[in-house]
Amino acid sequence: MPKVAEKEGKYVYRVKKHGEMKTDAVILSDWETIDEEAIQQIINVATLPGIVKEAYAMPDIHWGYGFPIGGVAAFDVEDGIISPGGVGFDINCGVRMLVVDGPASIVKGRLDELVKRIYELVPVGVGETSDLKFSKKDFKRIVTGGAKVVVEMGYGQPEDLERIEDYGSIEYCDFSDVSDEAYDRGKDELGTLGAGNHFIEIQEVVEVYDPEIAKVFGVAPGSITVLIHTGSRGFGHQIATDYIRYMRDELKEHNKGLPDKQLINAPFKHSLGQAYYSAMNCAANYAFANRQIITHMIRKAFKSVCGLNVKLVYDVAHNIAKVEEYQIDGKTTKVIVHRKGATRAFGPGNPKLPALFRETGQPVIIPGSMGTASYLLVGTKKAEEWTFGSTAHGAGRTLGRREATRELSADRIINELKEKGVKLMAKSKKGIVEEAPEAYKNVDKVVQIVDELGISRKVAKCVPLGVIKG
DNA sequence: ATGTCC
């Protein structure tokens with residue numbers, strides 16, 4: 001443990017404000033699994049203008065571009081900043097859980113066919129495009145309106161919308177803040193999965209920790225669930241790239257003296273900060289629409305192969321910045337919360353939640369690495385009071401992609417999944433090694449920590465039956 | 001994460 005960190009409690013470590021830090025940094029994790037580069041990154045975040053309360057690291061923290069992945073930081077909207085590195089390149093990368101309306105036995109009996117059908121319907125892999133064609137006018141409607149626009153176009157049902165974070169639509173956005181290049185990269189990728197850690201997984205609920213909440217969420221022991229993990233593809237990536245460049249070129253003086261160039265940012269109130277916020281929200285809407293279209297394809301697959309309907313459980317964002325209000329030093333303060341590899345975890349009574357989840361708190365989805373468990377949890381008041389309504393987002397890497405490629409073998413991983421009875425279809429062997437379970441922390445441990453800390457609570461555990469990867 | 005280097 002670096003000398004700067006003090007243990008404050010079980011899974012709570014504090015780096016007291018020192019040097020250029022404007023606030024403390026708090027690490028919520030077991031110490032053994034953390035790399036020191038990521039700790040330095042959350043310390044760097046605490047030096048940024050307008051940061052309020054504390055910077056937080058979740059138990060799945062690992063090194064990222066500028067900000068660590070698994071980091072949460074809130075900046076005052078009046079004198080704080082917004083930073084593309086605090087959101088991530090895959091803007092509104094997130095996870096959506098579906099539940100199959102019917103017996104597990106039917107799905108298990110047709111698993112191979114089902115995985116194959118989904119693989120045919122959803123384009124996967126780097127740079128993969130879809131056959132769906134949207135006019136520029138429709139594309140503009142989609143990225144400014146999100147999931148509801150594609151539902152209107154026939155991809156899903158109006159009831160889906162209240163089961164998406166922010167109803168799958170973020171209002172503050174203007175298409176004129178999006179570059180032509182971002183449009184070009186994004187126009188043919190709606191309805192595609194992508195690569196890297198993105199996946200579609202068919203799972204079975206093996207354990208329910210809170211039956212009442214599980215019932216509200218629509219799952220029970222033995223339920224078949226489907227997880228979709230993807231984001232805004234080349235569209236969001238280009239928007240991040242564009243605005244990092246604009247901020248570097250146009251805000252030289254403001255960004256002078258950063259502890260790390262990758263922390264490049266704009267004052268939130270500055271026209272460039274507002275333009276990034278707007279373009280980022282276009283990418284967020286794109287990602288919600290993307291997961292909605294993929295849901296439609298999965299529903300088609302289940303209908304044709306099993307004759308079963310599929311319902312939405314919930315859809316969460318884990319790479320995004322949002323304006324929210326919190327009590328800070330007894331004062332209601334409007335902040336721009338950056339959740340990078342962190343999941344919103346609003347508790348019971350939060351007015352931003354639909355009536356459906358008003359009494360329980362919002363569903364939270366924490367996927368594991370390939371072949372391991374995934375969890376459905378519920379948000380808490382404690383998260384709202386402590387971590388700006390945030391919790392972890394996944395297992396978190398322990399090996400970089402390059403290290404994983406060097407140390408692990410795709411064939412062995414394929415065999416291990418086969419032995420476990422998990423059906424895998426993947427576009428590339430490279431993706432398999434990079435996403436091997438050995439390259440990640442143990443998701444069970446991450447979930448145990450957030451549950452014990454009370455920043456979200458376990459509801460159900462799912463294990464994989466079939467995996468589709470890029 | 002990503003038309004995995006403009």
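Residue numbers start from 1 in every chain, and the chains themselves are labelled A, B, ... in the order their sequence lines are given, proteins ahead of strands. Just so it is clear, the values below take in all heavy atoms, side chains as well, and ignore hydrogens, waters and symmetry mates.
One atom, CD1 of A/I69, and another, P of B/dT2, lie 13 Å apart when rounded to the nearest Å. Between the CD atom of A/E128 and the P atom of B/dT4 there is a distance of 14 Å, rounded to whole Å. Distance, A/R402 CZ to B/dC5 P: 9 Å, rounded to whole Å. For A/K427 and B/dT2, the NZ to P distance is 13 Å, given to the nearest whole Å. For the pair A/F89 CZ and B/dC5 P, the computed distance is 12 Å after rounding to whole Å. The NE2-P distance, from A/H237 to B/dC5, rounds to 10 Å in whole Å. Between the CG atom of A/D242 and the C1' atom of B/dT2 there is a distance of 13 Å, rounded to whole Å. Atom-to-atom, CD of A/Q238 to P of B/dC6 comes out at 9 Å; the value is rounded to the nearest Å.
Nucleic acid contact for A/K430: base, since at least one base atom lies under 4.0 Å from a heavy atom of the residue. Backbone-only engagement by A/R233 is indicated by non-hydrogen atom pairs under 4.0 Å involving sugar-phosphate atoms exclusively. Residue-level contact check: A/A240 touches neither bases nor backbone, having no heavy atom under 4.0 Å from any strand. Nucleic acid contact class of A/E434 (heavy atoms, under 4.0 Å, all strands): none.
The residue among A/E189 and A/R245 whose nearest nucleotide of DNA chain B lies closer to the 5′ end is A/E189.
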Report task. Tell me, with the steps shown, if A/S278 and A/D177 meet side-chain hydrogen bond (donor to acceptor under 3.5 Å, both in side chains). Result -> CA-CA 7 Å; A/S278 154; A/D177 294 315; 2.6 Å; yes
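Using a 4.0 Å cut-off between charged side-chain N and carboxylate O, A/R412 and A/E438 make a salt bridge.
Applying the side chain to side chain contact (heavy atoms under 4.5 Å, CB included) criterion to A/V323, with sequence neighbours excluded, gives A/V77, A/F268, A/Y277, A/K334, A/I336. With sequence neighbours left out, the side chain to side chain donor-acceptor pair (under 3.5 Å) criterion links A/K252 to no other residue.
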